[in-house]
2 protein chains.
Amino acid sequence: MSSDPSGKLSHHEDFDDEAAFLAAYKAQDYPRPSVTVDLVIFTVLDGDLKVLLIERGGHPFKGWWALPGGFVNVGDGVKDQGEDVEDAAHRELEEETHLPKGSCHLEQLYTFGKAYRDPRTRVIDVAYLALVRPTLAPLVTAGDDAAATRWVSVQTLWDNSDTQRLAFDHREILTMAIERVRGKIDYSPIAFDLVPEAFSVAELRSVYEAVKGTTYNARNFNRRFKRMLADGVIETTVGHRPNPSGGPRAHLYQFKRAA
Amino acid sequence: MSSDPSGKLSHHEDFDDEAAFLAAYKAQDYPRPSVTVDLVIFTVLDGDLKVLLIERGGHPFKGWWALPGGFVNVGDGVKDQGEDVEDAAHRELEEETHLPKGSCHLEQLYTFGKAYRDPRTRVIDVAYLALVRPTLAPLVTAGDDAAATRWVSVQTLWDNSDTQRLAFDHREILTMAIERVRGKIDYSPIAFDLVPEAFSVAELRSVYEAVKGTTYNARNFNRRFKRMLADGVIETTVGHRPNPSGGPRAHLYQFKRAA
DNA sequence: AGAATAGTGTCTATCAGACACTATGCA
DNA sequence: TGCATAGTGTCTGATAGACACTATTCT
């Protein structure tokens with residue numbers, strides 16, 4: 001438990017017995033599964049929810065689209081237990097996007113553990129959900145494994161039934177990621193991770209509309225926005241957003257991390 | 001992908017290549033982690049949220065309280081990939097409670113994958129959340145591994161700082177389970193899995209109060225209840241609940257599964 | 001000037017919080 | 001009869017939906 005700051009072991013009465021036990025402990029002879037992390041990386045570009053997909057270069061599912069991901073490093077499992085699963089997700093996120101560390105929201109989504117979900121061997125996959133600001137999205141470059149990387153519109157993916165061309169159970173993972181972000185946008189500040197650092201009311205509304213797939217009444221959205229402003233969730237910032245089609249320029253705001 | 005009903009493989013162009021690849025595939029030589037499932041099993045008894053804990057009989061954390069759980073059977077990993085992680089959770093739930101199959105709500109909670117969370121070897125734990133009706137809770141008997149099993153009040157667990165006596169990272173898991181059920185009770189019908197099949201308005205309210213740790217205005221709760229009745233979420237059923245302190249007997253209702 | 005967008009006034013329906021109230025059935 | 005509980009009437013404030021409206025700035 002060296003990674004546990006609470007130091008529970010030191011509270012244990014018969015620590016000596018336990019130490020002796022640990023020394024004698026032999027890793028189970030049970031077969032073990034491989035464990036991977038997969039990433040559902042979303043952004044919103046042009047009012048459209050997009051997901052980062054790679055084209056698989058090798059078997060199985062060669063040439064199919066897939067979510068980026070990789071194996072969790074578990075060290076030798078005894079003296080070196082390797083990296084936290086969450087750290088593996090962070091690592092893969094950086095490797096796939098080459099974006100600066102900590103610039104994206106990342107959270108665990110769900111663990112997909114069906115037998116035979118990978119035809120090669122037993123693989124249990126911990127899926128993560130990442131959100132990339134539209135200002136960062138164009139900077140994303142292909143991962144180190146040189147596979148083709150592409151921002152794909154979720155809408156057109158479904159319209160063209162291209163989800164049938166997603167490798168493994170990645171269609172199911174993507175579906176759950178969409179549900180997660182749709183549900184969570186209503187009661188948590190994840191929308192602020194899908195707009196530029198400084199954003200206008202309309203830009204924030206556009207994110208809500210892209211994610212939920214519905215239109216929002218502009219009047220009511222402005223009211224909710226004002227309330228967040230009054231509650232200190234967001235604050236005004238300098239500058240204006242130029243209006244491409246003529247008209248007043250929109251004020252800019254930013255999310256207030258420390259409420 | 002034999003467990004995948006969509007038959008994706010048959011859509012694959014170069015299936016023969018893939019079959020050949022699969023035949024030649026050799027399981028990775030990377031070390032692999034053990035994968036376990038742990039269960040946070042809740043019930044509400046006497047207006048109190050309770051969790052099922054076992055007392056550990058062996059090292060490590062011998063004599064400490066812990067969440068019930070066990071290893072996921074992954075077969076030999078190639079020809080036999082073993083059981084789904086979710087099936088493992090169902091199996092453990094039955095083994096620990098001896099309750100009839102399908103009598104409890106069960107959902108995945110979160111995957112705990114920190115290195116060194118188990119001092120013996122690298123263990124990645126998929127935690128599940130289960131809800132047991134108060135009518136079934138007294139029927140729960142100790143698991144096959146003969147460890148002492150007990151319904152422990154979450155409130156008194158925290159009041160007495162007994163959470164420090166929870167093995168591994170089970171305090172963290174329990175905390176997340178409480179947050180999950182507290183958050184989810186507002187927008188999903190999980191409360192109906194914590195009352196008898198036939199329940200009164202006050203009984204349902206008592207579950208909300210036990211889970212959220214606050215009191216609910218009876219008038220407003222009745223109104224929400226009436227709305228659910230009108231929406232067909234619940235329906236009236238026969239019988240009344242006798243009033244222990246004299247007074248009118250409460251009507252009984254039941255959750256309408258097929259809306 | 002015309003057009004598209006930013007942002008506001010305001011009416012209405014819905015729902016939560018709060019308080020008072022009636023009805024019931026056992027001691 | 002007393003009393004704790006089941007269940008209702010109703011006022012008030014907060015919020016969402018809808019529609020009309022003014023203000024701004026580029027072409």
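The analysis underlying the following values was restricted to heavy atoms, covering all of them including side chains, and did not include hydrogens, waters or symmetry mates. Just so it is clear: chains get the letters A, B, ... in the order the sequence lines come, proteins before strands, and each one is counted from 1.
- Scored by the ring-ring contact (aromatic ring centres under 6.0 Å, His included) test, A:Tyr128 finds no partners at all (sequence neighbours excluded).
- Between B:Arg249 and C:dG25 there is a side-chain polar atom (N or O) within less than 4.0 angstrom of OP1 or OP2.
- Residues from residues 234-245 of chain A lying near DNA chain C, meaning a heavy-atom separation below 4.0 Å, are A:Asn243, A:Ser245 in numerical order.
- The salt bridge (Lys or Arg N to Asp or Glu O under 4.0 Å) test applied to B:Lys226 returns no partner, not counting sequence neighbours.
- Taking atom NE2 on B:His251 and atom P on C:dT24, their separation rounds to 10 Å, with Å as the unit.
- For the ring-ring contact (aromatic ring centres under 6.0 Å, His included) test, no residue two or more places apart in sequence or in another chain qualifies with B:His90.
- Within residues 185-222 of chain B, the residues that have a heavy atom under 4.0 Å from DNA chain C are, in order of number, B:Asn217, B:Arg219, B:Asn220.
- A cation-pi arrangement is absent between B:Arg165 and B:Trp65 under the rule of less than 6.0 angstrom and at most 45 degrees off the ring axis.
- Here chain A contacts DNA chain D (any atom closer than 4.0 Å to a heavy atom, that is under 4.0 Å), and the contacts span D:dT15 to D:dC26 from 5' to 3'.
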Distance-only criterion, 3.5 Å: show the donor-acceptor pairs between side-chain atoms of residues 194-212 of chain A and protein atoms not counting sequence neighbours.
{"residue": "A:Ser200", "atom": "OG", "partner": "A:Glu203", "partner atom": "N", "Å": "3.1"}
{"residue": "A:Glu203", "atom": "OE1", "partner": "A:Ser200", "partner atom": "N", "Å": "2.9"}
{"residue": "A:Glu203", "atom": "OE1", "partner": "A:Arg241", "partner atom": "NH2", "Å": "3.2"}
{"residue": "A:Glu203", "atom": "OE2", "partner": "A:Arg241", "partner atom": "NE", "Å": "2.6"}
{"residue": "A:Glu203", "atom": "OE2", "partner": "A:Arg241", "partner atom": "NH2", "Å": "3.4"}
{"residue": "A:Glu209", "atom": "OE2", "partner": "A:Tyr216", "partner atom": "N", "Å": "2.9"}
{"residue": "A:Lys212", "atom": "NZ", "partner": "A:Arg182", "partner atom": "O", "Å": "3.2"}
{"residue": "A:Lys212", "atom": "NZ", "partner": "A:Asp186", "partner atom": "OD1", "Å": "3.4"}
{"residue": "A:Lys212", "atom": "NZ", "partner": "A:Asp186", "partner atom": "OD2", "Å": "2.5"}

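- Shown here are the ring-ring contact (aromatic ring centres under 6.0 Å, His included) partners of B:Phe42, two or more places apart in sequence or in another chain: there are none.
- Across all strands, B:Arg227 comes closer than 4.0 Å only to sugar-phosphate atoms, never to a base (heavy-atom distances).
- With sequence neighbours left out, B:Glu55 forms a side-chain hydrogen bond (donor to acceptor under 3.5 Å, both in side chains) with no residue at all.
- With sequence neighbours excluded, the residues satisfying side-chain hydrogen bond (donor to acceptor under 3.5 Å, both in side chains) with B:Ser245 are B:Asn243.
- With sequence neighbours excluded, the residues satisfying ring-ring contact (aromatic ring centres under 6.0 Å, His included) with B:His240 are B:His251.
- In terms of position on DNA chain C, the residue among A:Lys226 and A:Gly246 whose nearest nucleotide sits closer to the 5' end is A:Gly246.
- Every salt bridge (Lys or Arg N to Asp or Glu O under 4.0 Å) that B:Glu235 has, sequence neighbours left out, goes to B:Lys256.
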